[in-house]
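To start, the structure under review is shown below, and the notes come after it.
Naming: A, B, ... by sequence-line order, numbering from 1 per chain. In what follows, every heavy atom counts, from backbone to side chain, and hydrogens, waters and symmetry copies are set aside. Fair warning: this is a prediction, and the values are worked out from it, not measured in the lab.
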Number of protein chains: 2
Amino acid sequence: MGGVKDFGMDVTSRNDTVMELEGDLEPQIAAPRAIPARPTMKDVAARAGVSLKTVSRVVNHEVGVSPELVTKVELAAAELDYRPDLTASNLRRSDRRTSTIGLMIEDVSNEFSSAVHAGVEDVARLHQVAVLSASVHEDPQRESDLVRALSSRRVDGLVLTPTAGDHAYLERERANGLPMVFVDRLPHGIDADCVLTDNAEGTRLAIEYLIALGHKHIAFIGGLSILDTATQRHESFIATMQRHQLPIDPEWVFRNVKGTDDAEKVASSFLSESKQPTAIFAAQNMITMGVVRALKLAELQHKIALVGFDDFALADLLDPPVAVVAQDPRRMGQLAAELLFERIRDGKISEELHTVPSRLVIRQSGEIRPA
Amino acid sequence: MGGVKDFGMDVTSRNDTVMELEGDLEPQIAAPRAIPARPTMKDVAARAGVSLKTVSRVVNHEVGVSPELVTKVELAAAELDYRPDLTASNLRRSDRRTSTIGLMIEDVSNEFSSAVHAGVEDVARLHQVAVLSASVHEDPQRESDLVRALSSRRVDGLVLTPTAGDHAYLERERANGLPMVFVDRLPHGIDADCVLTDNAEGTRLAIEYLIALGHKHIAFIGGLSILDTATQRHESFIATMQRHQLPIDPEWVFRNVKGTDDAEKVASSFLSESKQPTAIFAAQNMITMGVVRALKLAELQHKIALVGFDDFALADLLDPPVAVVAQDPRRMGQLAAELLFERIRDGKISEELHTVPSRLVIRQSGEIRPA
DNA sequence: ACATGCCTTGACAACGTTGTCAGGTCTTCC
DNA sequence: GGAAGACCTGACAACGTTGTCAAGGCATGT
């Protein structure tokens, strides 16, 4: 809160009597000529010679206004460059909609998140709704601050990727009229609508593909296990290997790997040993990139197979091109937004779980067979 | 505008007398229990046993409220999960700030645009300001629609990448109190604050580097010449070649190339000829990727030098790693936002031109010498 | 004891808009 | 010709909040 109050200089409203109190002071050179008055409905009404309410009707395309008045009002509005004030409108309207939703993602400049963003925007645009977007950066404190900020701006709903923390606090927010849909990760402490990738299935696809090629020694490098997505991929890896009665070598199973550099280090460590896996499964975007680097450094990129989870730009241009389990983040965003608009429309709270399928994209790095 | 009026069912305000008119109809099963009432200041005031204004003072951290009352009010607010309504606050406040700005970029899911977005967010966050973001997709109609939409939501200012069209219409918007800063491209028909990459200088750096390596026959593949950025890069290419008295072979100069596929086609066309350039300058992101593809296809990636304009993820992992002129889109976003907040703060309109330097990132593809 | 001034609190209007309702004009029908 | 209805228009209140101002309590100085 604590608004913006330092700017002061409090310009009195445009056409009221001007305060004449400080006439004794020298002329205020370059006074903060702040905030030119915007034309309001009142101004349009005056210019068109009609009442306020008639302008309102014309602006909102209500039926039952005579054509002449419509023309007059539209002309006056155009001449003044009138823009209806959605904030005032929202205040008065009975549905209290702001035609704005909030989107909280990991990082707006991240390839995955911004694809989700694009998907949400696709749908929001159809509904003529604007999107307030923000990066959470995996920070629970920032997450709850953002929820407050967006709630204060009275967004009609929220699409968000939850952090690892507890989300019981959102229950009250939702009860107070803020519909929300989670995307990419399941929240803890609240039952809510959620759109997820099928992590287990995607992982199974990748691993079984490698197994079919004859691989028996597959390394697993996964992300932060506080995140469900990472855990699901790990569990599916284990389950799939077991189902095929293959040994899981603990020295080739890494969890809690964070970011490209860490992944490169981890991969390099076991690639320099004499005993090596014949294939590597990198359970996340950044990790895949790190492994690519490590393989290249060790000049093993054509000897050891690699499949990553989540596609990325240029994966097909690398040497060798990198096989991946491709998610469909844009679709996830679209689906989440569609769900949200349903919830907003009929005001009911529900707890549907939607899964967006992932598919295996076979590229050379995956086709390498064990020696 | 034509707001959202189809949802109907007009729930009367929460604690007023409930309308008893249609008691004869069957019970409305699962009636759209729309919009639960949110607590307002009035509710908080009642619960804390103080006046409305006192709650306002506490919420806004104004001085001069007795500590006991502050505690009482804060307690009541917390119990009700009260969230101040920024839209109502903005309406009444004399500064009329919404603490929200608009951002219009090419595409939220584009690597360059979303880095600009991240930069804007960095600065907005410091100011506790939310960002309404939208993709323009190089569509002038969409651009002006978005400006209207954001203006109606009374954003405090606008950061935007202009399309190729005319922008005189924004003059009136700005005169009506909407500060704006352009980023990445210079607008036409309006003098305004603008943050640009130094396209000419970046291009010069790249070309002179190639020349220094001994290249004399350099191909140029550039983007849509309706965009100034593309034109500037082209002109700088020509000027630099001429300054070094090198021939410009028209059959190796391509403009108006759009997207990866188009670039690949164009590059492939001249790579299949017997006479070839010894180096290629790709004047844009997508174009560079297309050229990489074409070179790889022709197996010339280690024979012909390549430098691209604008860096991209994994450029360093390609074979060979691709040399580029790197812009700093995040810095551009930050700078634009900083400028915008200055304009918002002191309400003055100005027309500063800011240039963010680009730098040459040398990677193997640039180090290839002519045969 | 009284005037003065500071400090805290609340009543009230207003921001720009829309929902409600009443009033006016014009048809239509007996 | 008059009543009834359809149609169009405007006056007014209200949405949730803050700016303004006045009133009351208390301490201080004479």
Side-chain angles (χ1 to χ4, degrees), chain A residues 1 3-5 8-16 19 21 35 37-46 48-70 72-73 82-98 152-154, chain B residues 1 3-5 8 10-16 19 35 37-46 48-70 72-73 82-98 152-154:
Chain A
M1 304 307 92
V4 200
K5 42 170 40 66
M9 197 75 317
D10 176 18
V11 174
T12 42
S13 49
R14 63 194 160 313
N15 22 27
D16 298 348
M19 306 214 301
L21 309 177
I35 318 145
R38 273 173 188 277
T40 72
M41 270 196 181
K42 204 162 116 190
D43 301 323
V44 178
V50 299
S51 80
L52 208 57
K53 184 66 223 205
T54 297
V55 177
S56 170
R57 279 192 263 257
V58 173
V59 166
N60 290 297
H61 302 110
E62 284 178 39
V63 293
V65 181
S66 68
E68 309 94 88
L69 286 197
V70 172
K72 258 205 256 181
V73 170
Y82 170 71
R83 299 279 172 275
D85 186 329
L86 226 57
T87 66
S89 163
N90 153 62
L91 184 60
R92 186 57 180 85
R93 266 193 153 97
S94 46
D95 63 11
R96 301 298 319 266
R97 297 278 156 71
T98 51
S152 269
R153 284 173 180 78
R154 293 297 184 267
Chain B
M1 297 309 92
V4 200
K5 44 172 36 66
D10 178 14
V11 174
T12 42
S13 50
R14 64 198 162 307
N15 22 27
D16 298 345
M19 307 216 298
I35 317 143
R38 274 171 189 277
T40 71
M41 269 195 181
K42 203 162 115 187
D43 301 323
V44 177
V50 299
S51 80
L52 208 57
K53 182 68 222 206
T54 297
V55 177
S56 170
R57 280 193 262 257
V58 172
V59 166
N60 291 295
H61 302 111
E62 286 178 36
V63 292
V65 182
S66 68
E68 308 94 89
L69 286 197
V70 172
K72 260 206 253 180
V73 169
Y82 169 71
R83 300 277 173 273
D85 185 328
L86 226 55
T87 67
S89 163
N90 152 63
L91 185 59
R92 187 58 180 83
R93 264 192 154 96
S94 46
D95 64 11
R96 301 297 318 264
R97 297 277 156 73
T98 50
S152 269
R153 282 172 181 78
R154 293 295 186 267

Taking side chain to side chain donor-acceptor pair (under 3.5 Å) as the test, write out the residues that go with T87(B), two or more places apart.
-> N90(A), D85(B)

State, with a plain yes or no, whether a side-chain heavy atom of R38(B) is found less than 4.5 Å away from one of R96(A).
-> no

Nearest heavy-atom approach of T40(B) to Y82(B) is C-CE1, 3.6 Å

To the nearest 0.5 Å, what is the distance between CD (E62(A)) and NZ (K53(A))?
-> 5.5 Å

From the candidates dT17(C), dG16(D), dT18(C), the one with an atom nearest any side-chain atom of D85(B) is dG16(D)

Whichever of E68(B) and N90(A) has its nearest DNA chain C nucleotide further upstream toward 5' = E68(B)

Interatomic distance, D95(A) CG vs dG19(C) C1' [rounded to whole Å] | 12 Å

R83(B) CZ - dT17(D) P separation (whole Å) = 12 Å

Does the side chain of S56(B) get closer than 4.0 angstrom to OP1 or OP2 of dT17(D) through an N or O atom?
-> no

Would you name the heavy atoms of V65(B) and R57(B) that are closest together and state the gap between them?
-> CG2-CB, 3.8 Å

Once you round it to whole Å, what is the distance between P of dT18(C) and CG of N60(A)?
-> 4 Å

Looking only at heavy atoms, which two atoms of S152(B) and P84(A) are closest? And how far apart?
-> OG-O, 3.1 Å

Judged by nearest nucleotide, the residue sitting upstream toward the 5' end of DNA chain C, R154(B) or V63(B), is V63(B)

Identify the residue among V59(A), V58(A), T54(A) that makes a side chain to side chain contact (heavy atoms under 4.5 Å, CB included) with M41(A).
-> V59(A)

Heavy-atom distance under 4.5 Å between the side chains of T98(A) and L86(A), does that happen here?
-> no

S66(A) has a side chain; which of dT18(C), dC8(D), dG19(C) sits nearest to it?
-> dC8(D)

Residues forming a side chain to side chain donor-acceptor pair (under 3.5 Å) with S66(A), sequence neighbours excluded | none

Starting at CZ of R97(A) and ending at C1' of dC15(D), how long is that distance when rounded to a whole Å?
-> 16 Å

Find the bend of the helix from dA1(C)-dT30(D) to dC30(C)-dG1(D) as the angle between its two terminal axes (five pairs each), to the nearest 10°.
-> 50°

R93(B) has its side chain closest, among dG16(D), dT18(D), dG16(C), to dT18(D)

Between dC15(D) atom P and R38(B) atom CZ, what is the distance in whole Å?
-> 17 Å

Quick note, S94(A) side chain, CB onward, closest among dT17(D), dG16(C), dG19(C) is dG19(C)

Using atom CZ of R96(A) as one end and atom P of dG16(C) as the other, report the distance to the nearest whole Å.
-> 17 Å

Could you give the CZ-to-P distance, from R153(B) to dT17(C), as a whole number of Å?
-> 15 Å

Using nucleotides 10-13 of chain D, report all nitrogen or oxygen pairs with the protein that are shorter than 3.5 Å.
unit_1	atom_1	unit_2	atom_2	d
dG10(D)	OP2	S51(A)	N	3.1
dG10(D)	OP2	S51(A)	OG	3.3
dG10(D)	OP2	T54(A)	OG1	2.6
dG10(D)	N7	R57(A)	NH2	2.5
dG10(D)	O6	R57(A)	NH1	3.4
dG10(D)	O6	R57(A)	NH2	3.4

K42(A) NZ to dT17(C) C1': how many Å, rounded?
-> 12 Å

Could you state the interatomic distance from CZ (R153(B)) to OG (S89(A)), rounded to the nearest 0.5 Å?
-> 10.5 Å

